[in-house]
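Everything on this sheet refers to the single structure shown next.
Count residues from 1 along the sequence.
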Amino acid sequence: MDPKNKPEVIRNRTTVSDLWKKEDWLAVWIGVVLIVIAAIAVISKAFDFTALNFSKWHLWEDVPEKSSLLGQFSGAFWGKLLRTFLVLAVLFGIGIKLQGEKLRKFWPAFLGLFILAVIVRIVSAEFTFNRYLEWAFWALIIGLLISNTVGVPKWLKPAIRTEFYIKTGLVIMGFSVLFSNIAKFGLYGLGIAWIVTPIVIIFMWWLGTKVFKMENKPLVITLASATSVCGTSAAIATGAAAKCKKDDLSIAISISIIFTILMMVFEPMIIRWIGMSQIMGGSLIGGTVDSTGAVVLAGNALGPEAEQAAVLVKSIQNILIGFIAFFVALFFATRVDRQSGQRVGANEIWYRFPKFIIGFFAASLVASFVILPIYGSDNVGAINKVLDQYKNWAFVLAFTSIGLDTNFREIIKKMQGGKVLWLYIVGQLFNIALTFLAVWLLLSGNFFPVPELDSYSGKKAEPKTVEAPAPANTVASEEAQQLPADTISASEALKALESKTQ
């Protein structure tokens with residue numbers, strides 16, 4: 001071959017210093033530090049490492065046991081608030097410093113962002129707000145109100161690090177994704193979650209790029225992943241792999257959150273109207289509702305067996321996040337972004353791969369095959385209970401940052417004449433239809449035996465047609481509502497629900 005005609009090899013240099021200078025790796029180390037400290041604190045019982053979590057409070061509701069916001073402001077409250085701030089400020093501050101930025105600008109800005117995050121947590125813990133709209137909505141609203149009215153002050157901008165916060169949260173989330181959940185639902189869950197999901201992604205990619213002729217391909221694949229997997233978490237992971245811009249990521253997440261709220265309310269109603277069994281209805285919810293927290297709430301509206309089936313399907317589906325991010329990075333490096341006459345080397349694929357996904361997988365493997373066998377499910381659940389709040393705080397910081405970094409005028413421009421919205425709507429309808437087909441084939445009893453899931457009362461749940469939703473203020477519902485969208489630990493949700501047998 002003539003050297004002049006030899007394909008150019010795309011190379012981006014990877015160095016050892018990336019391990020302590022690049023944001024992806026720093027997110028991994030921060031996540032690891034938090035997981036290790038939480039594990040030591042729980043297993044040794046030597047010290048308290050819990051982060052601040054606002055309990056549900058009532059503003060205007062007339063309920064028998066009405067709790068006020070001021071009643072939470074005790075000595076323990078201020079201690080946990082200070083601990084939460086210091087842990088996050090120090091760890092993220094070290095990460096910022098290692099990236100070559102100035103702490104004297106970051107720490108005051110982070111304090112301001114943390115105060116906004118506290119406001120978000122307070123508002124989203126109010127009984128009515130908490131019942132109908134999750135924290136992610138309020139984080140976006142507060143951030144958007146500031147950015148689109150008075151504007152974001154210059155001194156606050158050094159702390160607006162959306163990807164850094166949410167990558168760290170995803171690493172922590174990995175500890176809650178137990179591979180043992182596959183065994184709980186076996187091939188049924190795999191068939192619903194692992195076969196349907198890739199088909200939906202491929203369909204939405206074809207629809208967006210070939211039918212709608214959308215040129216913003218990172219946005220298309222990010223929206224496809226958010227629709228087919230689990231909303232925000234999948235959007236962040238896939239967006240990083242596809243080099244999605246912040247504004248595009250904000251659009252994908254905003255659309256996902258809006259429709260998650262609608263589906264959480266109306267999908268259980270439609271399932272009851274159709275007369276599906278609890279196990280079928282719960283599995284359909286688990287495979288189609290984007291947010292894991294919303295999955296728990298929607299499943300609970302159908303009944304205990306539906307709730308367990310929904311959580312199991314969503315848990316199995318969440319395991320796909322890392323795999324999808326890897327294949328998206330590979331696909332974009334070798335196909336989408338490759339220019340004519342260029343050849344992509346293995347180093348380029350590694351350079352583009354979101355390294356925080358390695359932390360996600362590592363945390364999941366350690367929890368599944370090290371901590372769980374040695375220390376038992378009780379300790380794993382207790383560790384996750386501690387980690388959940390740090391994960392939640394990281395996500396609150398991230399969503400508030402998204403709101404602060406988003407301008408409505410820019411969003412309207414990015415909608416491409418409504419194509420983005422139509423891509424989500426058509427893709428989600430296809431997702432629901434395909435998931436329903438998989439659920440009917442596997443769980444209707446016409447082709448395969450219907451598995452018996454243990455109910456939360458300790459007895460086998462009787463397969464029956466769902467008649468009426470469970471009260472919205474049941475224990476399971478209240479526990480689920482206190483956890484943010486896309487961040488609720490599946491193992492912790494199951495553990496809390498199974499604790500009713502105690």
Side-chain angles (χ1 to χ4, degrees), residues 23 27 52 54 81 84-85 88-89 92 96 105-126 129-130 132-170 219 222-223 226 231-233 235-236 239-240 244-261 290-291 293-294 389-415 420 483-487:
E23 184 177 271
L52 178 65
F54 284 93
L81 177 64
T84 303
F85 172 74
L88 296 175
F92 284 120
I96 292 296
K105 291 185 177 180
F106 173 76
W107 273 336
F110 185 81
L111 175 60
L113 182 63
F114 185 81
I115 292 173
L116 290 177
V118 170
I119 295 173
V120 170
R121 296 298 299 269
I122 290 175
V123 172
S124 62
E126 200 281 325
F129 293 157
N130 177 271
Y132 296 105
L133 296 173
E134 295 178 323
W135 66 268
F137 174 84
W138 297 110
L140 283 173
I141 287 298
I142 291 175
L144 286 169
L145 285 175
I146 295 174
S147 63
N148 289 273
T149 54
V150 297
V152 181
K154 186 176 180 180
W155 64 268
L156 186 61
K157 292 183 178 180
I160 301 177
R161 305 295 296 261
T162 303
E163 292 88 351
F164 196 16
Y165 302 136
I166 209 158
K167 288 173 183 177
T168 303
L170 284 173
L219 174 58
T222 300
L223 190 60
T232 302
S233 302
I236 293 294
C244 186
K245 295 180 180 179
K246 289 182 180 180
D247 290 344
D248 297 334
L249 182 62
S250 176
I251 292 171
I253 291 174
S254 299
I255 292 175
S256 176
I257 289 174
I258 292 170
F259 279 91
T260 294
I261 294 171
D290 291 341
S291 160
Q389 288 309 315
Y390 284 104
K391 174 180 59 181
N392 295 347
W393 278 105
F395 283 164
V396 170
L397 292 170
F399 272 84
T400 307
S401 296
I402 289 174
L404 292 170
D405 216 19
T406 300
N407 187 283
F408 283 125
R409 287 187 289 271
E410 294 297 324
I411 288 181
I412 293 173
K413 292 178 182 177
K414 296 286 184 179
M415 291 299 286
V420 178
L483 298 176
D486 281 330
T487 65

Spacing of [atom1] belonging to [X] relative to [atom2] belonging to [Y], to within rounding of 0.5 Å:
X	Y	atom1	atom2	value
F92	T168	CZ	OG1	4.0 Å
L404	L397	CG	CG	10.5 Å
T84	N392	OG1	CG	11.0 Å
S124	I141	OG	CD1	13.0 Å

Among residues at least two apart in sequence or on other chains, which ones pass side chain to side chain contact (heavy atoms under 4.5 Å, CB included) with [X]?
X	answer
A159	F106, A109, F110, L113, Y165
P153	W155, L156
L81	L52, F77, W78, F114, V118

- Would you mind reporting whether L116 and V120 have side-chain heavy atoms less than 4.5 Å apart? no

- Query: With a 4.5 Å limit on heavy-atom distance, are the side chains of L111 and F85 in contact?
  - Reply: yes

Exercise: identify the closest heavy-atom pair between [X] and [Y]:
X	Y	value
V152	K157	O-CE, 3.7 Å
K391	G169	CG-O, 3.6 Å
P158	R161	O-CG, 3.7 Å
W107	A89	NE1-O, 2.9 Å
L249	A235	CD1-O, 3.6 Å

